[in-house]
Undergrad: 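If you scroll down you'll find the structure; I have some questions about it.
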Amino acid sequence: MTVNPHQTAAARYVALIPAAGSGSRMGAAAPKQYAPLAGRPLIEHAVHRLCAHPRIDAVFVVLAPGDAQFNRCDWRGCEAKLSALYCGGETRAASVFNGLLAANDAIDANDWVLVHDAARPCLGVQEIDRLIAEVGDSEVGGLLAVPVADTLKRASAEREAVQTEGRDHLWRAQTPQMFRYRVLIEALRRADIAAVTDESSAVEQTGARPRLVQGSATNFKVTYPEDLALAELILGKAGQ
Ligand code: C5P
């Protein structure tokens with residue numbers, strides 16, 4: 001019998017949450033990961049959700065080197081899994097890469113890393129379960145995404161509709177994006193980090209084809225101030 005080195009029973013699931021951005025599009029003085037949302041800082045929602053998931057063994061949060069707010073958050077219940085890494089970089093991809101390097105001793109090459117934006121507070125347990133179920137037996141990895149539903153317009157510099165683009169086979173990438181540690185760190189090492197907007201794009205550049213797993217519209221990224229009200233509605237409906 002041949003043993004597939006990519007499918008050892010020992011592979012664990014760990015989460016890595018880049019949270020070193022400034023959130024300038026929010027227009028607030030504090031970084032957006034600390035914006036108040038449903039009675040707690042935005043970042044607490046995703047971190048608590050991932051720490052509470054039984055399949056996830058460890059959660060690493062990548063913070064800006066001078067971050068003074070993370071330690072003031074309420075991490076009760078997360079102590080056994082949560083680690084803070086003060087090594088955020090200039091871009092999201094740089095923060096992820098630095099975090100992967102910093103967590104190197106705690107993650108095996110074959111372990112799965114679920115990279116999730118701190119700014120996606122409405123991640124559902126079902127989406128985590130689906131991602132693990134559909135990607136956990138692959139060699140490369142995959143990501144949550146939703147098919148594009150709207151009609152897409154190509155715009156001129158003057159913001160006129162120039163052309164209607166086909167939307168067949170187009171998906172909007174979300175997070176978590178889940179890859180083997182060795183696959184992800186090698187892909188990011190080889191990629192043009194300034195041009196990488198998500199982990200999948202770095203892995204795609206190696207010629208691999210990450211699997212697209214059905215996400216949910218509710219798992220959106222809080223980007224603008226009005227997004228906070230929508231996230232509160234969703235969290236309220238979900239009873240959290
Ligand atoms: O800015 P954007 O919404 O794309 O950020 C997505 C996630 O990446 C956020 O959780 C943000 O804190 C994080 N990020 C980071 N390091 C940066 C920029 C963004 O960790 N330099």
Side-chain angles (χ1 to χ4, degrees), residues 14-38 40-51 56 59-73 75 78 82-103 113-124 127-128 143-146 171-179 184-185 187-189 191-203 215 217-231 234-235:
V14 306
L16 186 122
I17 302 178
S22 62
S24 51
R25 284 171 293 188
M26 288 290 279
K32 90 173 151 188
Q33 52 272 30
Y34 298 111
L37 173 67
R40 61 200 321 188
L42 179 72
I43 191 173
E44 286 190 17
H45 294 275
V47 172
H48 276 274
R49 182 63 54 84
L50 287 161
C51 284
I56 294 174
V59 175
F60 299 93
V61 183
V62 184
L63 300 163
D67 186 301
Q69 281 164 279
F70 184 81
N71 275 336
R72 288 193 225 125
C73 295
W75 298 126
C78 295
L82 186 60
S83 304
L85 306 169
Y86 292 86
C87 58
E90 283 290 301
T91 62
R92 181 184 179 285
S95 294
V96 171
F97 184 64
N98 292 351
L100 290 171
L101 284 178
V113 183
L114 287 83
V115 180
H116 182 64
D117 291 327
R120 292 184 191 268
C122 306
L123 173 65
E127 278 85 58
I128 304 173
L143 61 145
L144 291 179
V146 288
W171 293 64
R172 287 190 290 129
Q174 300 186 331
T175 69
Q177 304 203 351
M178 176 173 142
F179 295 98
L184 185 53
I185 202 159
L188 288 170
R189 204 189 300 277
D192 172 6
I193 212 96
V196 167
T197 52
D198 69 349
E199 292 61 56
S200 182
S201 61
V203 174
T218 55
N219 181 28
F220 73 99
K221 187 170 71 172
V222 170
T223 305
Y224 301 104
E226 58 268 32
D227 294 340
L228 289 167
L230 180 58
I234 293 167
L235 292 170

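Computed from heavy atoms alone, side chains included, the values below leave out hydrogens, waters and symmetry copies. Indexing begins at 1, ligand by ligand and atom by atom, following the structure's order.
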Undergrad: Could you work out, for atom 14 (N) of ligand 1, the closest of Gly21, Ser95, Ala19 by heavy-atom distance?
TA: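 When every heavy atom of Gly21, Ser95, Ala19 is considered, Gly21 comes closest to atom 14 (N) of ligand 1.
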Undergrad: Just by distance, with hydrogens left out, do Asn219 and Gln174 show a side-chain donor and acceptor under 3.5 Å apart?
TA: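 A pair is found: one side chain offers a donor N or O, the other an acceptor, under 3.5 Å apart.
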Undergrad: Is the closest basic N to carboxylate O distance between Glu127 and Arg120 below 4.0 Å?
TA: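 Answer for the salt bridge query: no.
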Undergrad: Which is closest to atom 21 (N) of ligand 1 by heavy-atom distance: Ala93, Gly89, Ala20?
TA: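 Selected option, by shortest heavy-atom distance: Gly89.
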Undergrad: Can you list the ligand 1 atoms lying under 4.0 Å from a non-hydrogen atom of Ala119?
TA: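 Those qualifying, in numeric order: 10 (O).
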Undergrad: Any heavy atom of Arg120 closer to ligand 1 than 4.0 angstrom?
TA: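 No.
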Undergrad: So if I apply the side chain to side chain contact (heavy atoms under 4.5 Å, CB included) rule between Phe179 and each of Val115, Val203, Leu188, Leu114, which one comes out positive?
TA: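 When Val115, Val203, Leu188, Leu114 are each tested with Phe179, the side chain to side chain contact (heavy atoms under 4.5 Å, CB included) holds only for Val203.
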Undergrad: Indicate yes or no for a side-chain donor-acceptor contact from Lys32 to the backbone of Val222 under 3.5 Å, with no hydrogens or angles considered.
TA: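 Checked: pair present.
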Undergrad: Which distance, rounded to the nearest 0.5 Å, do you find between the CG of Leu235 and the SG of Cys122?
TA: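 It comes to 4.0 Å.
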Undergrad: In this structure, does ligand 1 have an atom that sits under 4.0 Å from one of the heavy atoms of Gly88?
TA: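 In this structure, Gly88 fails to qualify as a contact of ligand 1 - no heavy atom is under 4.0 Å.
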Undergrad: Under 3.5 Å, is there a donor-acceptor pair between the Tyr86 and Asn98 side chains?
TA: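 No, because no side-chain N or O of Tyr86 sits under 3.5 Å from a partner of the opposite role on Asn98.
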Undergrad: Please report the interatomic distance CG(Leu184) to CZ(Arg189), rounded to the nearest 0.5 Å.
TA: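 If I round to the nearest 0.5 Å, the distance is 11.0 Å.
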Undergrad: Please write down residue, atom name and distance for the protein heavy atom closest to atom 1 (O) of ligand 1.
TA: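 Of the protein heavy atoms, Arg25 NH2, 3.6 Å lies nearest.
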Undergrad: Identify, for atom 4 (O) of ligand 1, the protein heavy atom at the shortest distance, and state residue, atom and that distance.
TA: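 Going by distance alone, atom 4 (O) of ligand 1 is nearest to Lys221 NZ, 2.8 Å.
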Undergrad: I'd like to know if Arg92 pairs up with Asp117 as an ion pair, taking the criterion as any Lys NZ or Arg NE/NH1/NH2 lying under 4.0 Å from an Asp or Glu carboxylate oxygen.
TA: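 Looking at Arg92 and Asp117, the cut-off is met.
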Undergrad: Which protein non-hydrogen atom lies closest to atom 8 (O) of ligand 1, naming both residue and atom, and how far is it?
TA: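 The protein heavy atom lying closest is Arg92 CG, 3.4 Å.
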Undergrad: I'd like to check which ligand 1 atoms, numbered from 1 as shown, lie under 4.0 Å from a non-hydrogen atom of Ala118.
TA: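 Those of ligand 1 that fall under 4.0 Å from Ala118 are 10 (O).
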Undergrad: Working to the nearest 0.5 angstrom, can you tell me the gap between Ile185 CD1 and Leu100 CG?
TA: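 The distance works out to 5.0 Å.
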Undergrad: Is the shortest N/O to N/O distance between Pro18 and ligand 1 below 3.5 Å?
TA: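 Among all N and O atoms of Pro18, at least one is under 3.5 Å from an N or O of ligand 1.
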Undergrad: Of the choices Val115, Thr91, Val62, which has the non-hydrogen atom that lies closest to atom 17 (C) of ligand 1?
TA: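 Answer by nearest heavy atom: Thr91.
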Undergrad: Any heavy atom of Thr223 closer to ligand 1 than 4.0 angstrom?
TA: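 Thr223: no contact with ligand 1 (<4.0 Å).
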Undergrad: Tell me yes or no: between the side chains of Arg40 and His48, is some donor less than 3.5 Å from an acceptor?
TA: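 Side-chain D/A pair, Arg40 to His48: present.
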Undergrad: Which residue supplies the protein heavy atom nearest to atom 7 (C) of ligand 1, what is that atom called, and how far is it?
TA: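 So the nearest neighbour among protein heavy atoms is Asp117 OD1, 3.4 Å.
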Undergrad: Closest non-hydrogen protein atom to atom 3 (O) of ligand 1, residue and atom name please, with distance?
TA: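 Protein heavy atom with the smallest distance to atom 3 (O) of ligand 1: Lys32 NZ, 2.7 Å.
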Undergrad: Within the 4.0 Å heavy-atom shell around Glu90, which atoms of ligand 1 are there?
TA: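 So the atoms of ligand 1 that pass are 21 (N).
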